[in-house]
Amino acid sequence: VGLATDPFNVALGMGALQSIDGVSDTVRRLSDMQGLFADQEAVAAILAEGDPVIYEFSARQNPSSDKSLSFGLTRIRSGTIGGEYYMTRGHFHRGKGDEVYVTLNGQGVLLLQTRDGQRRETTMAAGTLSYVPTGWGHRAVNVGSDGLVFLSVWSGAVDHDYETIARRGFPRRVISAPDGPVVVT
Ligand SMILES: [Fe+2]
């Protein structure tokens, strides 16, 4: 189903978007994002044994010249690397375009930052809507024992900037502690 100009309707679930034209699947493993975790000794030790999946997503990314909406479904696996929870790479949007996240399953933290140093954290839990205005870089972190699954919908005008995050990271990280997750600087 689903040329960009045709209406369509699907049940939400991992794998469910694959029936839609233009949707592609991506798997991010630790080797794809090893520089993003703080504990590089832990990264090396885990990669010596294997290459775990950190998250996967199915998405339809429309051309950035397009005024329609792009969308995707992401599942972050449960786990930690040197105590730091599994997370997405994170990115900024180039050009003007907002995004919404709707959490469907699990427990997470959404880390946000602006290019001029403002920062924010919000909670992701089943049934919550998180609104990400243009200018706020964003990364989702799974702090639960189950998969963190969320729907995202963003402006077709958006082009993704992953390089800025790869270079400077996020000002805060989310770490597993005896009493639960803590956000550290
Ligand atoms: Fe985004």
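Because only heavy atoms are used, hydrogens play no part in the values below, and waters and symmetry mates are left out as well, while side chains stay in. All ligand and atom numbering here is 1-based and tracks the order in the structure.
A ring-ring contact (aromatic ring centres under 6.0 Å, His included) check over residues 74-96, counting only residues at least two apart or in different chains, returns the pairs H91-H93, H91-H138, H91-H160, H91-Y162, H93-H138, H93-H160.
Between R172 and E121 there is a salt bridge, since at least one side-chain N of the basic residue sits less than 4.0 Å from a carboxylate O of the acidic one. A salt bridge between D146 and R75 is absent, with no side-chain N of the basic residue lying under 4.0 Å from a carboxylate O of the acidic one. Note on R94 versus E163: salt bridge recorded, some NZ/NE/NH1/NH2 to OD/OE distance being below 4.0 Å.
Summary: OE1 is the N/O/S atom of E99 found nearest to the Fe ion (ligand 1). Closest to the Fe ion (ligand 1) among the N, O or S atoms of H91 is NE2.
With a cut-off of 2.8 Å, the Fe ion (ligand 1) has no N, O or S atom of H160 in range.
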